[in-house]
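Predicted model, so just to flag it, every value in this text is computed and none were measured.
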Amino acid sequence: MITSSTARIEDLLQTGVREEVYPGAVWAVGDADSTRASGAVGLLDPDRPNEPMRLDTVFDVASLTKVLAVWSTIGTLVEEGELDLHAPLGTFWDEAAGHPLARATAHHLLTHTAGLALRANLKNLYGTDPQDIRDGVLHEALHRPPGEAVEYTDRAALILGYLAEHLSDQPLDRLATDRVWRPLGMTRTRFGPLSATEAARCAPTEYDDTTGTHLKGTAHDFSARLLGGVCGIAGTFSVLDDLALFLRHMLAPAQTAFGPTWTKDSLRIHTGTLTPARGLFWHPAPGTDPAEDVWVHYGFTGTGMWISPQQGRWAVLLTNKLRFNRDREALTGIRNAYCASAIS
């Protein structure tokens, strides 16, 4: 990667530290062969000025779980012939049969067009028992008919996680580890809660009233915490190097995991004339031209992954912006500027 681009990225991310968009950030840009440039800026925690953010910092990656654990394992099930994306769920999944969800397909879920309720709202609707939550989510009325509109909802990934567990007869954390993370060498990627040793190396997120501390090693996402740390919505912790391995595999599959057909099919528009445009969980990066073939997925804690098969380039940006606040506007500007410098 050319030095001028690296300098622009470092200056951009340092600006985010100075303006208190986030305490710190780590980033990397690479291709199918390696990481071409990387860096770390700011602090792990503003209350501990002697601890800089490091390249090996562990992050709560939030909704990147949807890609790392759900999209990837669903891909293995599709490629092995265990799942037909376009089959109505009620035709092969007893838990969905006879309920409104029966009309939807896995393809609807992956494109956020299933017509699901827009908010998770799990505890208020279904209580705290995991089986009651599962039953409630799978049996809930639809917000609108499948295929009518693109509406992002966490429930899509939650249901796909349940589906992956059903088809594989494995819990989602074990499924992701066995089929994707371990084969790719992602040894520091796992669902929380993390051990005390691992949590000590974790970037803190939002203040938790129940514990009187900022969360470290415990998922920020309330749905993930409610479900014991493991669900399709969020709950995964990872490090920069592991995400680089995942994205390098997407560009040039070399190990046993999801294959090139799944990646190629996912990184194209599946929503026709509906807006916003969506691939399979991935979506076109804001501010990019479709001809540039740049795709992205974000995490609420302040994380993001970009990939462009056409350009043979990937990028990662990990921050713990929730350590400060939930305002999205400032981080959105930095993310878009980062994409412009990292993938071009």
J.: Taking only Lys NZ, Arg NE, NH1 and NH2, and the carboxylate oxygens of Asp or Glu, determine whether D154 and K66 approach each other closer than 4.0 Å.
T.: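 Answer for the salt bridge query: yes.
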
J.: Under 4.0 Å between a Lys/Arg side-chain N and an Asp/Glu carboxylate O for E165 and R174?
T.: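 Not counted as a salt bridge, because no side-chain N and carboxylate O are separated by less than 4.0 Å.
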
J.: Give me each pair satisfying ring-ring contact (aromatic ring centres under 6.0 Å, His included) with a member in residues 217-236, each pair once, sequence neighbours excluded.
T.: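 Matches after skipping sequence neighbours: H220-F300.
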
J.: Is it true that D132 and K123 make a salt bridge, defined as a side-chain N closer than 4.0 Å to a carboxylate O?
T.: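 K123 and D132: not salt-bridged.
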
J.: Output every pair passing side-chain hydrogen bond (donor to acceptor under 3.5 Å, both in side chains) with a member in residues 227-241, not counting sequence neighbours, ordered by first then second residue.
T.: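 Only T65-T236, T189-S238 qualify under side-chain hydrogen bond (donor to acceptor under 3.5 Å, both in side chains).
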
J.: If a pair satisfies ring-ring contact (aromatic ring centres under 6.0 Å, His included) and one of its residues is in residues 317-343, list it, with sequence neighbours excluded.
T.: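 ring-ring contact (aromatic ring centres under 6.0 Å, His included) check on residues 317-343 returns W306-Y338.
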
J.: Check step by step if salt bridge (Lys or Arg N to Asp or Glu O under 4.0 Å) holds for D33 and R248.
T.: CA-CA 7 Å; D33 298 320; R248 285 174 57 192; over 6 Å; no

J.: Just grab all the ring-ring contact (aromatic ring centres under 6.0 Å, His included) pairs involving residues 171-202, residues at least two apart or on different chains.
T.: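 Sorted result for residues 171-202: W181-F191.
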
J.: Check this for me: R144, atom CZ, are more than 12 non-hydrogen atoms of other residues, nucleotides or ligands nearer than 6.0 Å?
T.: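 For R144, atom CZ is crowded (more than 12 foreign heavy atoms under 6.0 Å).
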
J.: Is it true that a side-chain atom of T153 and a backbone atom of L116 form a donor plus acceptor pair closer than 3.5 Å?
T.: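 No.
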
J.: State plainly whether the residues R201 and D56 are in salt-bridge range, i.e. N to O under 4.0 Å.
T.: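 So R201 does not pair with D56 through a salt bridge.
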
J.: Quick one: sort the H270 and H107 rings into parallel, tilted or perpendicular, breaks at 30° and 60°.
T.: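 Rings of H270 and H107: tilted, as their planes differ by 30° to 60°.
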
J.: Which hydrophobic side chains are connected to Y152, either touching it within the sub-4.5 Å cutoff or through other members that do?
T.: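 For Y152, no cluster forms, as it stays isolated from other hydrophobic side chains.
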
J.: Does some side-chain heavy atom of L110 sit less than 4.5 Å from a side-chain heavy atom of W282?
T.: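 No, side chains not in contact.
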
J.: So, R225 and D221, do they make that salt bridge, N to O below 4.0 Å?
T.: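 No.
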
J.: May I ask you to say whether E82 pairs ionically with R179, meaning some side-chain N is under 4.0 Å from a carboxylate O?
T.: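 Salt bridge between E82 and R179, a charged N being under 4.0 Å from a carboxylate O: yes.
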
J.: Salt bridge or not for R323 and D45, using N-O below 4.0 Å?
T.: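 A salt bridge is present here (some side-chain N lies under 4.0 Å from a carboxylate O).
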
J.: Tracing side-chain links under 4.5 Å among I, L, V, M, F, W and Y, which residues wind up in one group with V150?
T.: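 When side chains under 4.5 Å apart are linked, the cluster holding V150 also contains L274.
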
